[in-house]
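Before any comments, here is the structure.
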There are 2 protein chains.
Amino acid sequence: MAGIRAQQKEKTRRALIQAAMNQLSAEHGYASLSLREVAREAGIAPTSFYRHFQNMEELGLTLVDEGGLALRQLLRQSRQQIAKGGSIIRASVTTFMEFVANNTAIFRLLLQEKSGNSREFRLAVQREVEHFTAELVDYLVAEQQFDRQLAELHADAIVRVVFSAGADALDASAAERQQLLEVTIAQVRIIARGAEATRALAKSGLS
Amino acid sequence: MAGIRAQQKEKTRRALIQAAMNQLSAEHGYASLSLREVAREAGIAPTSFYRHFQNMEELGLTLVDEGGLALRQLLRQSRQQIAKGGSIIRASVTTFMEFVANNTAIFRLLLQEKSGNSREFRLAVQREVEHFTAELVDYLVAEQQFDRQLAELHADAIVRVVFSAGADALDASAAERQQLLEVTIAQVRIIARGAEATRALAKSGLS
DNA sequence: TATGTCAGTGAACGCTTGTGCACGCAATTC
DNA sequence: GAATTGCGTGCACAAGCGTTCACTGACATA
């Protein structure tokens, strides 16, 4: 039983999501997105929108969830490739920057709604970012034997720097992006070195 | 010659700016601000708006400029107080966080338009942030004899971390803000230590 | 004192917006 | 085969928007 009806419904739901994505751009943010325009691009009547979402806000939260998930999957995948050897820092940052370059609309949405005007949105994005930090903390504790508290400072700082660089990448040319990538890698290494030094300092201070 | 006329004009101009500020909040961003509402709050007819600004965009850019300027002045002032002794890192980060707490609307505007939908806005905010970084670089080169290139990496990373923490502070309670402040100070110190280690590393590698 | 300038006005315009409602019609259920 | 469900529709509405236009009247100038 495929459920012709349910299938069709899912299809127009995807059409709505896709339409919203398409309308997002550097000039046109989520806040200034209109139900009518989205419905128009999805090829349905404005009133039909309500068969799928209660609000534009509900649609937006769906976008945030899907976008965050996609980014995290990508990074996890890149971390696995690292098992083969190579710099984990370089690989992760590169993957991140590639995501930004290839999924501009989604990343822009995440960024904007991070400090946007809907508390719901802000919390959703914050949750996504915390996912990243948590995964990084786990890595630092498990693979590098970091003290958990220090690992949290460390990971949080890295995530802040990388996301911030991602934001700048949105407006940058390919060449500028390349440079931004190198700068960011260097900065992450500085932070790693600083965390290492801090760990050594704490040890000598205690023992 | 005071110029009663020019004086009055400036007064309503300030009223418009103030009205725009007042309407900015966690729920109501600049994008969803309407000319009519701003004019209403400023106590003038909608059409009179055009006597002072061509667009809402022009008003917004004014807000960005003024906000950035205020923040920079505050930080410069706090850096001077440091001459009396004390931790420059703690003082600067504290000042920054106080600004965020006391000028929520402005900081929110800066943040939102940093990745907002008007290229003009984005560039304006970016320019403000670059001012900060540049001042910090100068400090690092002059007072701490850092190599300029390393100082730029260092300063840029710090600014990214601090601004990002400021963003989180907007939604935080007083207690959370206090904790965020301490965390951020610790992170800036980690970065400073990392930069120091990197400098040592470069020296030993060269000589 | 006469003349010019210009901040502020109020009515009017053409649009777009979100949403309520009753309805058609195909897929589903019994 | 009959009854029910539910996605998509077209119409209608009130509200809000940015912007135009011709105007008034207080200030500036000479």
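Proteins come first, then strands; the chains are lettered A, B, ... in the order of their sequence lines, and each starts at number 1.
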Query raised in the report: Taking for each residue the nucleotide of DNA chain D bearing the nearest heavy atom, is the 5' side occupied by B/Pro46 or by A/Pro46?
Result: A/Pro46
Query - Integer-rounded Å distance: C/dT29 P and A/Ile4 CD1 - result: 12 Å
Query raised in the report: Closer than 4.0 Å, any side-chain N/O of B/Thr12 to the OP1 or OP2 of C/dG8?
Result: yes
Query raised in the report: Parallel, tilted or perpendicular: which describes the rings of A/Tyr30 and A/Phe121, with under 30° parallel and over 60° perpendicular?
Result: tilted
Requested in this report: Look at the side chain of B/Arg36 and the base of D/dG16, then say whether one donor and one acceptor between them are separated by less than 3.5 Å.
Outcome: no
Query raised in the report: If you measure from the Lys or Arg side-chain nitrogens to the Asp or Glu carboxylate oxygens, is any gap between B/Arg199 and B/Asp147 under 4.0 Å?
Result: no
Query raised in the report: D/dG8 P sits how many Å from A/Glu10 CD, rounded?
Result: 11 Å
Requested in this report: Would you mind classifying the nucleic acid contact of B/Arg13 as base, sugar-phosphate or nothing, using non-hydrogen atoms under 4.0 angstrom?
Outcome: nothing
Requested in this report: Give the rounded distance in Å between these two atoms: CD of B/Gln8 and P of C/dA7.
Outcome: 11 Å
Report task. Using whole Å, report how far CE of B/Met56 lies from P of D/dT19. Result -> 10 Å
Report summary line: Rounded to whole Å, the CD-P distance (B/Gln54 to D/dT20) equals 11 Å
**Report entry** Heavy-atom pair with the smallest gap, counting every atom of A/Leu59 and A/Leu16
**Finding:** CD1-O, 4.4 Å
Query raised in the report: D/dG8, D/dT19, C/dT9: which one has an atom nearest the side-chain heavy atoms of A/Arg51?
Result: D/dG8
Query raised in the report: Rounded to whole angstrom units, what separation is found between the CG atom of B/Leu16 and the C1' atom of C/dA7?
Result: 12 Å
Report summary line: In whole angstroms, the gap separating C1' of D/dG18 from CG of B/Leu33 amounts to 14 Å
Report summary line: A/Tyr50 atom OH is separated from D/dT9 atom C1', nearest whole Å, by 15 Å
Query raised in the report: Hey, are B/Asp168 and A/Arg160 close enough for a salt bridge, meaning a charged N less than 4.0 Å from a carboxylate O?
Result: yes
**Report entry** Side-chain-base donor-acceptor pair under 3.5 Å for A/Arg5 and D/dG6
**Finding:** yes
Report task. Give one of base, sugar-phosphate or nothing for B/Glu37, where a contact means two heavy atoms less than 4.0 Å apart. Result -> sugar-phosphate
Query raised in the report: Does A/Ser48 have a side-chain nitrogen or oxygen under 4.0 Å from the phosphate oxygens OP1 or OP2 of D/dT9?
Result: yes
Query raised in the report: Are the aromatic ring centres of B/Phe96 and B/Phe107 under 6.0 angstrom apart?
Result: yes
Report task. Assess whether one donor atom and one acceptor atom, taken from the side chain of A/Thr47 and the base of C/dG20, lie less than 3.5 Å apart. Result -> no
